[in-house]
*Asks:* 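Here it is, the structure, as structure tokens.
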Amino acid sequence: MAGIQSWRKPDLHGRPVLKKLNDGLHDLRLDAGIPSARSIRDRIGKDAQNYWIVNHQAVLDTFQRPDLPKLGRLELIVAVLSEDAGRDDPEGEVRRFKGLWKQAYDETVAQASVQPPTDAAASGVGDEARTPTDPADAPDQDVGETHQQGTSAEEKPPPDLNQAAARVDYAEESLKGLIINAAQALWDDKDALKVFLSVVRRGEGFVKMADAVGESRPANATFYGVKSREFEVAPSPARHELVMLHRFLRKHRVKRQWSFTYLGEKTGIPSDDWIRWYTHDELPTREAVVAFSHVAHLMLEDHVLLLGLWEAAHEALEAQRCFEDLPERISFDEAWSMRDPATPTLWALAGITGEERRAYGPDLATGTAPAFIVAGPPESGRSTALVNISRALLAAHARVVLVAPKASPLREVAGQSGVVDCFVHDALGTAELEAALSSASPEDPVVVVMDDAEVLDKCDAGRLLKSIVHHGFEEGTALVVGCREDKLPFGLGWLEETKKAHRGLLLSPQERSTGDAIGIRIGDSITGWTIAPGHGWLHLGDGKLMPVAVPG
């Protein structure tokens, strides 16, 4: 045990999310055999210029300092330790720690806006205090270079006691930051700025500040190295669509040098509404957008573009609102009772909607191909969705062939009436699948329901699975596959053919490219959010995404 290094854990009292991240990091190192900092550094390697990508001191800091580590550095360390620990899914471990990092970041920002900074933050110690805008994945400096540039945390003198005794009104400081940022945002509209500053001057102690920000355009205020979030409006889920719309409106407003007051007079829409939409990143009404286009005398193509941007933003906001209205949990029996009684034999229950509480799913006997894809990251509920689809098909007196090459809840359906066979090995042969499908006909169809399909992408039965996509309508066969999002795109195997169905269920999608697998483009409004098991977006081939909750 002489070579094993025991690293102390930082004191993270009062920061539960960051503590969870740090504890998980130490546990992962333990599972990896307690490698030294230099061993981890060596495993990560060097860049093209032969510099260490992460030096050993940076590795130690990630484990021992009470600060939020850089995200890029954390991902590299977790990837190496996950492989050394023999984890089945190193990429999944990286995503898990990335999710924890995002939560810890929100925790850090929230506490920075309402609490006094720690001694380290106040004295400039820590990555975030030194360079709050540095990219998280920037290469680390050499340790020797770092010590040459400045005094280390341990060498810094203690803060002056008189300064430590002084206390700042942090709510007031945050309010000042809000005023500065608002003045900066309204700078181009002198009328709106004048009204705003006249209100600020009514506050005791803010007169000089109002005079100062009225004379020269201020920079965005920061609060102890972190942009104040205390009064900030939460970002819209349709961020991408709204940015495009606001950028278009701003371009034409600035070009004509219109103030919000003038815009209000000309459009008949109160200037206060225009200011609120601009500063709160909200969607203007369609009436306001049409009035803007009319007053600006936009060319036909610009008018069409403006309305198209508004429709896209409105649709994204509506979809997100419906997504938030989905029930957290619903049983299969409840969802089954919400279906249309006239649903055909090969109708597969994919999920239910929020407001109208109706069950939706694909009819595998219709469409461009008899196939359906369920995709999502780990722990998103893919296997549960496949179980529901199997149960729905069996309840409608269709027969199914189950394929689960890895441990899956789908295997538990094997004992039910109507299950022709269940294959649980990771090598599916043509002969055995042919035998299972031999009795299929349009009058008595058989559906292959497969979990972890990426494992069998190059299996011997690939030609037969490809034939199901091409000839399943005539032969009475269909195919439902579940796969991990990070294994997309499919490549050149038989799985690529399933995309011809142009339909599927995306559970907590993290990448915009995922939509290509089910024949639809998806935007930033629905990707990259925290994984919500059993919640996703259904595409039935009509070009529309529908937010649904998966029973389970």
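All figures in this text were calculated on a predicted structure; none of them were measured in a lab.
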*Asks:* Can you tell me if Glu93 uses its side chain to pair, donor with acceptor, with the backbone of Val78 under 3.5 Å?
*Replies:*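 Between the backbone of Val78 and the side chain of Glu93 there is no qualifying donor-acceptor contact (under 3.5 Å).
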
*Asks:* Hey, does Phe196 have a side-chain heavy atom less than 4.5 Å from the side chain of Ile179?
*Replies:*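 Side-chain contact under 4.5 Å: yes.
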
*Asks:* Are the side chains of Pro284 and Leu245 in touch, meaning some heavy atoms are under 4.5 Å apart?
*Replies:* yes

*Asks:* Using modelled atom types only, decide if a donor and an acceptor are shared between the side chain of Trp277 and the backbone of His246 within a distance under 3.5 Å.
*Replies:*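 No: the side chain of Trp277 does not pair with the backbone of His246.
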
*Asks:* Answer yes when Asp486 and Arg95 have at least one side-chain N-carboxylate O distance shorter than 4.0 Å, and no when they do not.
*Replies:* yes

*Asks:* Quick check: do Arg247 and Val243 have side-chain heavy atoms less than 4.5 Å from each other?
*Replies:* yes

*Asks:* Where is the tightest heavy-atom contact between Ile373 and Cys483, given as atom of each residue plus distance?
*Replies:*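 Closest approach of Ile373 to Cys483: CG2-SG, 4.4 Å.
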
*Asks:* When Phe372 is tested against each of Ile518, Leu505, Thr498 for side-chain contact (heavy atoms from CB on, under 4.5 Å), which residue passes?
*Replies:* Leu505

*Asks:* Distance check, rounded to the nearest 0.5 Å: Ile44 atom CD1 versus Leu76 atom CG?
*Replies:* 5.0 Å

*Asks:* Between Asp27 (side chain) and Arg29 (backbone), is there a donor-acceptor pair under 3.5 Å?
*Replies:* no

*Asks:* Using a 4.5 Å cut-off on heavy atoms from C-beta on, say whether the side chain of Ser383 contacts that of Leu410.
*Replies:* no

*Asks:* Please work out whether the ring planes of Trp310 and His314 are parallel, tilted or perpendicular, with thresholds of 30° and 60°.
*Replies:*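 Trp310 and His314: parallel rings.
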
*Asks:* What's the spacing between Arg87 CZ and Ser82 OG if we round to 0.5 Å?
*Replies:*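 Taking CZ in Arg87 and OG in Ser82, the distance rounds to 6.0 Å.
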
*Asks:* Give the C-alpha distance, both sets of side-chain angles, the deciding distance and a yes or no for side chain to side chain contact (heavy atoms under 4.5 Å, CB included) between Leu309 and Leu249.
*Replies:* CA-CA 10 Å; Leu309 290 172; Leu249 293 172; over 6 Å; no

*Asks:* Between atom CG of Leu326 and atom CD1 of Ile352, what is the distance when rounded to the nearest 0.5 Å?
*Replies:* 7.5 Å

*Asks:* Between Arg253 (side chain) and Phe248 (backbone), is there a donor-acceptor pair under 3.5 Å?
*Replies:* no

*Asks:* Aromatic contact between Trp101 and Tyr105, with the criterion being ring centroids under 6.0 Å apart: yes or no?
*Replies:*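 Centroid distance Trp101-Tyr105: below 6.0 Å, so yes.
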
*Asks:* Does NZ belonging to Lys9 count more than 12 external heavy atoms closer than 6.0 Å?
*Replies:*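 Counting other residues, nucleotides and ligands, NZ of Lys9 exceeds 12 neighbours.
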
*Asks:* Set out, in order, the CA-CA distance, both residues' side-chain angles and the distance that settles side chain to side chain contact (heavy atoms under 4.5 Å, CB included) for Ile522 and Trp537, then state yes or no.
*Replies:* CA-CA 10 Å; Ile522 59 177; Trp537 302 85; over 6 Å; no

*Asks:* Before giving the answer on side chain to side chain contact (heavy atoms under 4.5 Å, CB included), spell out for His535 and Leu507 the whole-Å C-alpha distance, their side-chain angles and the decisive distance to 0.1 Å.
*Replies:* CA-CA 6 Å; His535 285 61; Leu507 296 167; over 6 Å; no

*Asks:* So does His539 get a backbone contact from the side chain of Arg503, meaning a donor-acceptor N/O pair under 3.5 Å?
*Replies:* no

*Asks:* To check you understand the geometry: which heavy-atom pair defines the closest contact between Trp52 and Gly45, and what is its length?
*Replies:* CE3-O, 3.7 Å

*Asks:* What distance separates Asn22 CG from Leu68 CG, expressed to the nearest 0.5 Å?
*Replies:* 11.0 Å

*Asks:* Considering all heavy atoms of both residues, which atom of Leu456 and which atom of Trp494 are nearest to each other, and what is their separation?
*Replies:* O-NE1, 2.8 Å

*Asks:* I need the single residue from Ile389, Val481, Asp451 that forms a side-chain contact (heavy atoms from CB on, under 4.5 Å) with Val374. Which is it?
*Replies:*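 Only one option passes, and that is Ile389.
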
*Asks:* Say you draw a straight line from CG of Asp516 to CD of Glu511; how long is it, rounded to the nearest 0.5 Å?
*Replies:*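 Reported to 0.5 Å precision, the distance equals 11.5 Å.
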
*Asks:* For the residue pair Arg41 and Ser36, confirm or rule out a side-chain donor-acceptor distance under 3.5 Å.
*Replies:* no

*Asks:* Using modelled atom types and a 3.5 Å cut-off, is there a donor and acceptor pairing between side-chain atoms of Glu75 and backbone atoms of Val94?
*Replies:* no

*Asks:* Could you tell me whether Asp23 and Lys19 have a side-chain N and a carboxylate O separated by less than 4.0 Å?
*Replies:*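 Looking at Lys19 together with Asp23, the answer is yes, because their closest N to O distance falls below 4.0 Å.
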
*Asks:* Which heavy-atom pair separates Thr384 from Pro551 by the least distance, and what is that distance?
*Replies:*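 Scanning both residues, the minimum pair turns out to be CG2-O, 3.2 Å.
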
*Asks:* Under 4.0 Å between a side-chain nitrogen and a carboxylate oxygen: does that hold for Lys406 and Asp426?
*Replies:*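 Result for this pair is no, no salt bridge flagged.
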
*Asks:* Answer yes or no: is there a side-chain heavy-atom contact under 4.5 Å between Pro377 and Glu485?
*Replies:* yes

*Asks:* Distance from Ser513 atom OG to Arg521 atom CZ, nearest 0.5 Å?
*Replies:* 11.5 Å

*Asks:* Would you say Asp67's side chain and Pro69's backbone share a donor-acceptor pair under 3.5 angstrom?
*Replies:* no

*Asks:* Can any side-chain N or O of Asp452 pair as donor or acceptor with the backbone N or O of Val455 at less than 3.5 Å?
*Replies:*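 No, because the side chain of Asp452 does not come within donor-acceptor range (under 3.5 Å) of the backbone of Val455.
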
*Asks:* Scan side-chain atoms only and decide if Gln510 and Thr527 contain a donor-acceptor pair under the 3.5 Å cut-off.
*Replies:*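 Thr527 and Gln510 do not have a side-chain donor-acceptor pair below 3.5 Å.
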
*Asks:* Report yes or no: does Arg15 contribute a side-chain atom to a donor-acceptor pair with the main-chain N or O of Thr108 at less than 3.5 Å?
*Replies:* no

*Asks:* Write down the atom of Lys499, the atom of Ala517, and the distance for their closest heavy-atom approach.
*Replies:*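 So the two residues come closest at CG-O, 3.6 Å.
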
*Asks:* Distance-only, no hydrogens or angles: does the Arg276 side chain make a donor-acceptor pair with backbone N or O of Glu282 under 3.5 Å?
*Replies:* no

*Asks:* What verdict does the side chain to side chain contact (heavy atoms under 4.5 Å, CB included) test give for Leu545 and Leu538, after you've listed the backbone C-alpha separation in whole Å, the side-chain angles of each residue and the deciding distance to 0.1 Å?
*Replies:* CA-CA 6 Å; Leu545 277 178; Leu538 176 65; over 6 Å; no

*Asks:* Tell me if the centroids of the rings in Phe63 and Trp7 come within less than 6.0 Å of each other.
*Replies:* yes

*Asks:* At their closest point, which heavy atom of Val550 faces which heavy atom of Ala350, and how far apart are they?
*Replies:* CG2-O, 3.6 Å

*Asks:* So do Glu315 and Glu318 actually touch side chain to side chain, heavy atoms under 4.5 Å?
*Replies:* no

*Asks:* Under 4.0 Å between a Lys/Arg side-chain N and an Asp/Glu carboxylate O for Arg96 and Glu379?
*Replies:*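 No salt bridge links Arg96 with Glu379.
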
